[in-house]
**Q** 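Have a look at the structure that comes next, please.
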Amino acid sequence: MQMAQQILFVLLSAAAIWLFVKNAGKIVRNIRLGRSLDLSDHPGERMRNMLLLAFGQKKMFRNPMVGVLHFFVYAGFVIINIEVLEIVLDGIFGTHRLFAPMLGGFYNFLINSFEILAVLVIVACVIFLVRRNIIKLRRFTSHDLDGWPRSDANYILITEIVLMTFFLTLNASDTLLQAKGVEHYAEHSTGNFVFSQYLQPVLSGLSVNALIAVERGCWWLHIIGIFAFLNYLPYSKHLHIVLAFPNAWFSKLVPKGKMDNMPAIQNEVLYAMQPELAPAGGEAPPKFGAKDVQDLTWKNMLDAFSCTECGRCSAACPATITGKKLSPRKIMMDTRDRAEEIGKNIDTNGSFQDDGRSLLHDYITVEELRACTTCNACVQECPVSINPLDIILQLRRYLVMEESNAPAEWTGMFGNIENNFAPWKFSPDERDKWTQEL
Amino acid sequence: MQIPTVAELFANGKSPEVLFWVGCAGSFDQRAQRITEAFATILDKISIDYAILGKEEMCTGDPARRAGNEFMFQMMAYQNIQVLNNYGIQKIVTTCPHCFNIFKNEYPELGGTYEVIHHTSFLQQLIDEGKIRLKEEGMYKGKKITYHDSCYLGRANGIYEAPRKVLEALDAELVEMKRCRSKGLCCGAGGAQMFKEEEKGTIRVNLDRSNEAIGTGSSVIAAACPFCNTMLTDGVKLADREDGIRVLDIAEMVAASME
């Protein structure tokens, strides 16, 4: 019986990990759909960003209450994984509370800490569910989240509550069995734990066999739940728990106001002005700006897969706030959806077959792009350093330079700059007219 | 008051310590011209060795680049950098955060590297150094004033304190809007929005922002960008509050408060 459980556990773990690695590989493949970009510079500064933004969750504390609650869930998740390590080893070796004899009194300290964290995670998740479903915060009721994204969030929160409940119930039934002196439970006596002792009265009426069933059931459901959660990640916006770290590492190091240069155009202008510098033999003209996800950088794609759709960007966006179609969160969701569509296309056909669709137009409309004021509020607010503005600007470049698609006023403005060296229709001779009026 | 140009100085074998980059708004827009004049008056009054480019100045290309027209931007950048480098310009002060951002962040990799300072930081320095002396009983003393952060000064370049320090020096009572500093709401002009009709929505961005500023009960809305100034002035007008509330640039306030 024990042996069968061990074999089952090993098989289950192997299957869960194999499936996760397979799907994670697809996400890496999808991120690499983006064009290359060298971000290997300034490792020290990047390490600092990762420690502050991802490990320290600095930006989450812009709203201190939410920052603290989210920190509980994050710390709970990370720290309780130490307990998962014990569960995994127990599962493989058929042991029970493997670490208890090794760690002595410190073991109880650890489990007590985990229990406190588990309770804090439950409290935080309940508050988060209330904020989403009862208080209905504006950023959670926006149409961006209609359908799957809204359910996704609730599934994640409910799963976390359920997993933590299994963990606490497991401890409560285990310590009850210890007290009753049942077989190997009593051999690894730990005494009661700080929180699960209060669950004991609920279970105390059960027979020994029923208690063992509860303990084993919780143990299995807890670990199956964790494996299921692991494999849910690649399909969910919850992937941010992994990708927040690399995304913070690769975040922009220059001032937010700086737009990426386009050396191809810089050179084209230089050669037009100084033809003697032009290299012999024309180069093939590159595509200007981005029409589809393959034209964006891999960092834009990493951004899209790191997005947990919290909506802080859109809540701060002047366009979204004033009822325009643009929502930076939707820009990120669209980018990920399109990347996944292309990924499925590749899975089906072996290589990408033109589907007549593109990120621009089929996902993101011209009206959305036109509403952006480039104010950087979305970039500022993102806790995991996602930059929706960078994508918007690359799509705008394609619109204007490849499709000549600009509102008439902009076309006029371009003409004025070209002819009068100012965005308005004033004669350049009048530029210093104000000096004569003093 | 005579406004010196770099070309005149150059003809006499001289070059200014600092170039005052006026910008298109400051040159052509009637409201923004008042800001330009105020700043030039300050520079003149305290004998700063400065000059303007005059007719040789051109759009930096900011609105073209943000709209997506990189060609136009690169054309303007090339020409401006040629002019600036030919004159050997070392230091630039500008009253426009958009020009400031371009000089500070986007021209260097194109071959135009200068020391750039926004006029609010420059004014703060001059006040700190005692070069600008403010009246004891200035007209803004004790007055409720709110400051609107320009996106291209604030979030884009992290300058939040300099304009506030200047307001402090004016003894004004600074009343912050809820959305201030890095949480500041855009005026609605950036990203070349200034040059087109706003997209369809429920409210204009500038009206939303002006309402917030008006809500502070301030008699002056201080700005540090000619475009923000236009948008907020329009917003105050739309809200029918132009009789009691003025939108002023930090430079105008300093110029009016100098000894």
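Throughout, protein chains are lettered first and strands after them, A, B, ... in sequence-line order, and every chain is numbered starting at 1.
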**Q** Give, as side chain, backbone, both or neither, the part of B/Ile52 having an atom under 4.5 angstrom from any heavy atom of chain A.
**A**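 For B/Ile52, the side chain is the part near chain A, not the backbone.
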
**Q** Please identify, among B/Ala40, B/Ala64, B/Gly61, the residue contributing the most non-hydrogen atom pairs under 4.5 Å to chain A.
**A** B/Ala64

**Q** Could you look at A/Pro407 and say if it's the side chain, the backbone, both or neither that has a heavy atom under 4.5 Å from chain B?
**A**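 Side chain only.
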
**Q** Under a 4.5 Å heavy-atom cut-off, does chain A meet the side chain of B/Ile3, its backbone, both or neither?
**A** side chain

**Q** Would you mind checking chain A against chain B for donor-acceptor pairs under 3.5 Å and listing them?
**A**
unit_1, atom_1, unit_2, atom_2, d
A/Arg62, O, B/Lys183, NZ, 3.4
A/Arg62, NH1, B/Ser182, OG, 3.2
A/Arg62, NH2, B/Ser182, OG, 3.0
A/Lys256, N, B/Ala156, O, 3.3
A/Gly257, N, B/Ala156, O, 3.1
A/Gly257, O, B/Arg66, NH2, 2.8
A/Gly257, O, B/Asn101, ND2, 3.0
A/Lys258, NZ, B/Glu109, OE2, 2.6
A/Met259, N, B/Glu106, OE2, 2.8
A/Asn261, OD1, B/Arg65, NH2, 3.1
A/Asn261, OD1, B/Gln74, NE2, 2.8
A/Gln274, OE1, B/Tyr78, OH, 2.6
A/Thr322, O, B/Thr202, N, 2.8
A/Thr322, O, B/Thr202, OG1, 3.1
A/Thr322, O, B/Ile203, N, 3.4
A/Lys324, NZ, B/Glu198, OE2, 2.8
A/Lys324, NZ, B/Ile203, O, 3.0
A/Arg370, O, B/Gln193, NE2, 2.5
A/Arg370, O, B/Lys196, NZ, 3.1
A/Cys372, O, B/Gln193, NE2, 2.8
A/Thr373, O, B/Gly191, N, 3.2
A/Thr374, O, B/Tyr152, OH, 3.4
A/Thr374, OG1, B/Tyr152, OH, 2.6
A/Thr374, OG1, B/Gly191, N, 3.2
A/Cys375, O, B/Arg155, NE, 2.8
A/Cys375, O, B/Arg155, NH2, 3.3
A/Arg396, NH1, B/Arg66, O, 2.7
A/Arg396, NH1, B/Gly191, O, 3.2
A/Arg397, NH2, B/Glu70, OE1, 2.8
A/Glu409, OE2, B/Glu197, N, 2.8
A/Trp410, NE1, B/Ala192, O, 2.8
A/Phe421, O, B/Cys59, N, 2.8
A/Arg431, NE, B/Glu57, O, 2.9
A/Arg431, NH1, B/Glu57, OE2, 2.9
A/Asp432, OD1, B/Lys55, NZ, 3.0
A/Asp432, OD2, B/Lys55, NZ, 3.1

**Q** Highest number of heavy-atom pairs under 4.5 Å with chain A: which of B/Pro63, B/Ala67, B/Cys59, B/Gly190?
**A**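 Heavy-atom pairs under 4.5 Å are most numerous for B/Ala67.
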
**Q** How long is the span from the CZ atom in A/Phe414 to the CZ atom in B/Phe73, to the nearest 0.5 Å?
**A**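 Those atoms lie 13.5 Å apart.
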
**Q** Between A/Leu399 and chain B, with a heavy-atom cut-off of 4.5 Å, which part of the residue counts as in contact: side chain, backbone, both or neither?
**A**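 No part of A/Leu399 comes within 4.5 Å of chain B.
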
**Q** Report the option among A/Met262, A/Met259, A/Met273 that has the most heavy-atom pairs separated by less than 4.5 Å from atoms of chain B.
**A** A/Met259

**Q** With a 4.5 angstrom heavy-atom cut-off, which part of A/Ala422 approaches chain B: side chain, backbone, both or neither?
**A**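 It is both, since atoms from each part get that close.
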
**Q** Go through the atoms of B/Ile203 and report whether side chain, backbone, both or neither lie under 4.5 Å from a heavy atom of chain A.
**A** both

**Q** Highest number of heavy-atom pairs under 4.5 Å with chain B: which of A/Ala406, A/Cys375, A/Pro428, A/Gly289?
**A** A/Cys375

**Q** For each of A/Gly412, A/Cys372, A/Ala316, tally heavy-atom pairs with chain B at distances under 4.5 Å, and name the one with the top tally.
**A**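 Counting heavy-atom pairs under 4.5 Å, the top option is A/Cys372.
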
**Q** Does any heavy atom of chain B fall under 4.5 Å from the side chain of A/Met413, the backbone, both, or neither of them?
**A**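 For A/Met413, the side chain is the part near chain B, not the backbone.
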
**Q** Please look at B/Ala77 and chain A and tell me whether the side chain, the backbone, both or neither of the residue comes under 4.5 angstrom of a heavy atom of that chain.
**A**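 No part of it gets close to chain A.
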
**Q** Where on B/Met76 is there a heavy atom nearer than 4.5 Å to chain A: the side chain, the backbone, both, or neither?
**A**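 The answer is the side chain of B/Met76.
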
